[in-house]
Amino acid sequence: KAKERGRNTYEFYTPQLTEEAFLRVKMEAEIRMAIEREEFTVYFQPQIDLNTGLVTGAEVLARWLHSERGIVPPVEFIALAEQNGQIIELGEVILRLACRQWRCWSDNGYVLPFIAVNFSARQFEDPRLIERVKAIFAAEAFPAERLEIEITEGHLMKKVEQTSAMLEELKSLGCTVAIDDFGTGYSSLSSLKKLPVNRLKIDRSFVQDLPRDEDDRVIARAIVALSHSLRLDVVAEGIETGDQLLILKEEGCLIGQGYLFCPPLPAATFEKLLLEEGKLETQSLKGSPVSL
Ligand code: C2E
Ligand code: MG
Ligand code: MG
Ligand code: MG
């Protein structure tokens, strides 16, 4: 790298850089141990039918139950795991946990219409991804059509050809695909038309400043219109207030997710919510909620 900057420059390895590198290596080792010790777990956040208030499915969100630091959120380990490739193994752990929990609920009579699991671009660089996913489905007796794969718009566009070929394969197994954080990346309309995608998730950044920010409302409206014309489902993420909900409903959004309804919950708490309130929409599959 120093060379690229010209002949007469030097790159100094400052103590700060060394410390950074040290912390990275330390974290890598910690993640490795955490996988072995099964310290990772999955939380579930419901996706709500905005008209009926029923749970249509749930997004799966990774958490690290650290012996000293407590519950560590994904911002603190996913990016590093993506950089060093650990996300391939971690992604497998998360998918397995999610499928196992779905199966457990299902055996107890709670058939969650779908679980949405986040996948990183890096996982699609693994030629064995499909094989790994299939093996997990088989081991956990999980029906593929209950899995929605979430991939961020930015990740998807990074390696659009390779990734969409694999998504195509996953779709042929029965999985569905959602583009996460939609509106923040740079998908062209023509690539969007060709991609094997079922739904768009309106990024939280377009929701959080509603109703104050009129531009965001226009963006939300445009994404809903786009999804309708491409015959995709649309979900709004990060709904925190009643005002936001009202506007998104006015703009034609049918499904939403956010603290207004429910934060991500550990499986046992999520289950209680389903049991106590009878909120589960058991008949529907992904985005086609039962009309009442
Ligand atoms: P994401 O997939 O866009 O997930 C939504 C994030 O928004 C979650 O943060 C969720 O807790 C949060 N959220 C939900 N409702 C609200 C709300 O009303 N207000 C606000 N302010 N936030 C809300 P979380 O769990 O910290 O995850 C952050 C990101 O980490 C995720 O964004 C996703 O990109 C990544 N991530 C999480 N779990 C996994 C995983 O298993 N694999 C991969 N590859 N990435 C993951
Ligand atoms: Mg997501
Ligand atoms: Mg998102
Ligand atoms: Mg704004």
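Residue numbers count from 1 along this sequence. Computed over heavy atoms, backbone and side chain alike; hydrogens, waters and symmetry mates excluded. In listed order, ligands and their atoms are each counted from 1.
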**Message:** Residue-level breakdown please: for Arg63 versus ligand 1, do any non-hydrogen atoms fall below 4.0 Å on the side chain, on the backbone, on both, or on neither?
**Reply:** side chain
**Prompt:** Strictly under 4.0 Å, does any heavy atom of Glu240 approach an atom of ligand 1?
**Reply:** yes
**Asked** By atom name, which N, O or S atom of Glu59 is the nearest to the Mg ion (ligand 2)?
**Response** OE2
**Prompt:** Is it true that Phe40 and Phe77 have ring centroids separated by less than 6.0 Å?
**Reply:** yes
**Request:** Could you verify whether a donor N or O on one side chain and an acceptor N or O on the other, from Thr241 and Asp243, lie under 3.5 Å apart?
**Result:** no
**Asked** Of the choices Val207, Asn118, Leu61, which has the non-hydrogen atom that lies closest to atom 40 (C) of ligand 1?
**Response** Asn118
**Request:** Could you tell me if any non-hydrogen atom of Ile78 lies under 4.0 Å from any atom of ligand 1?
**Result:** yes
**Message:** Please check whether Thr152 reaches ligand 1 - meaning an N/O of the residue sits under 3.5 Å from an N/O of the ligand, judged on distance alone.
**Reply:** no
**Heavy-atom protein contact below 4.0 Å for atom 9 (O) of ligand 1** = no
**Message:** Between Arg122 and Glu125, does any NZ, NE, NH1 or NH2 come within less than 4.0 Å of an OD or OE carboxylate oxygen?
**Reply:** yes
**Request:** Answer yes or no: is there a donor N or O on one side and an acceptor on the other, between the side chain of Thr269 and the main chain of Leu265, under 3.5 Å?
**Result:** no
**Item:** Protein contact of atom 38 (N) of ligand 1 - nearest heavy atom, named by residue and atom, plus distance
**Value:** Ala62 N, 3.1 Å
**Request:** Check Asp209, Leu210, Asp216, Leu260 against Gln244 for a side chain to side chain contact (heavy atoms under 4.5 Å, CB included) and give me the one that passes.
**Result:** Leu210
**Sole candidate of Glu150, Glu145, Glu148 that passes side chain to side chain donor-acceptor pair (under 3.5 Å) when paired with Thr176** = Glu148
**Prompt:** Hey, which protein N/O/S atoms does the Mg ion (ligand 3) have under 2.8 Å?
**Reply:** Asp180 OD1, Asp181 OD1, Glu237 OE1, Glu237 OE2
**Item:** Heavy-atom nearest neighbour in the protein, as seen from atom 41 (O) of ligand 1, with distance rounded to 0.1 Å
**Value:** Ile94 CD1, 3.3 Å
**Request:** Using modelled atom types only, decide if a donor and an acceptor are shared between the side chain of Ser106 and the backbone of Trp102 within a distance under 3.5 Å.
**Result:** no
**Message:** Tell me whether the rings of Trp105 and Phe270 are parallel (<30°), tilted (30 to 60°) or perpendicular (>60°).
**Reply:** tilted
**Message:** Under a 3.5 Å threshold, yes or no: a donor from one side chain and an acceptor from the other, between Glu237 and Gln257?
**Reply:** no
**Item:** Inter-residue atom distance Ile87.CD1 - Ser120.OG, 0.5 Å rounding
**Value:** 4.0 Å
**Prompt:** Backbone, side chain, both or neither: what part of Glu237 comes under 4.0 angstrom of ligand 1, heavy atoms only?
**Reply:** side chain
**Request:** Look at atom 18 (O) of ligand 1 and say which protein heavy atom is nearest, naming residue and atom and giving the distance to 0.1 Å.
**Result:** Tyr259 N, 2.8 Å
**4.0 Å protein heavy-atom contact status of atom 15 (N) of ligand 1, strictly under** = yes
**Asked** Of the choices Pro74, Ala178, Ala116, Ala121, which has the non-hydrogen atom that lies closest to atom 26 (O) of ligand 1?
**Response** Pro74
**Request:** Answer yes or no: is there an ion pair linking Asp181 with Lys201, defined by an N-O contact shorter than 4.0 Å?
**Result:** no
**Asked** Heavy atom under 4.0 Å from ligand 1: found in Gln208's side chain, backbone, both, or neither?
**Response** neither
**Request:** Indicate yes or no: does Glu92 engage Arg96 in a salt bridge with an N to O separation below 4.0 Å.
**Result:** yes
**Asked** Considering only heavy atoms of Pro264, which atoms of ligand 1 have at least one such atom less than 4.0 Å away?
**Response** 11 (O)
**Asked** With distance as the sole test, does Glu140 use its side chain to make a donor-acceptor pair with the main-chain N or O of Phe137 at under 3.5 Å?
**Response** no
**Message:** With no hydrogens and no angle check, just 3.5 Å: does a side-chain donor-acceptor pair link Glu271 and Asn108?
**Reply:** no
**Message:** Does either side chain, that of Glu153 or that of Ser187, offer a donor lying less than 3.5 Å from an acceptor on the other one?
**Reply:** yes
**Message:** Tell me the protein heavy atom at minimum distance from atom 44 (N) of ligand 1, and give that distance in Å.
**Reply:** Ser120 OG, 2.9 Å
**Message:** If I apply the N/O under 3.5 Å rule, does Arg204 come out as touching ligand 1?
**Reply:** yes
**Message:** Heavy atoms only, cut-off 4.0 Å: how does Asp181 contact ligand 1, side chain, backbone, both, or neither?
**Reply:** side chain
**Residue list, ring-ring contact (aromatic ring centres under 6.0 Å, His included) with Tyr43, at least two apart or on another chain** = none
**Fill in**
Atoms of ligand 1 under 4.0 Å from any heavy atom of Asp180, numbered from 1 in the order shown, are 1 (P), 2 (O), 3 (O)
**Fill in**
Here the atoms of ligand 1 under 4.0 Å from any heavy atom belonging to Gln45 are 14 (C), 15 (N)
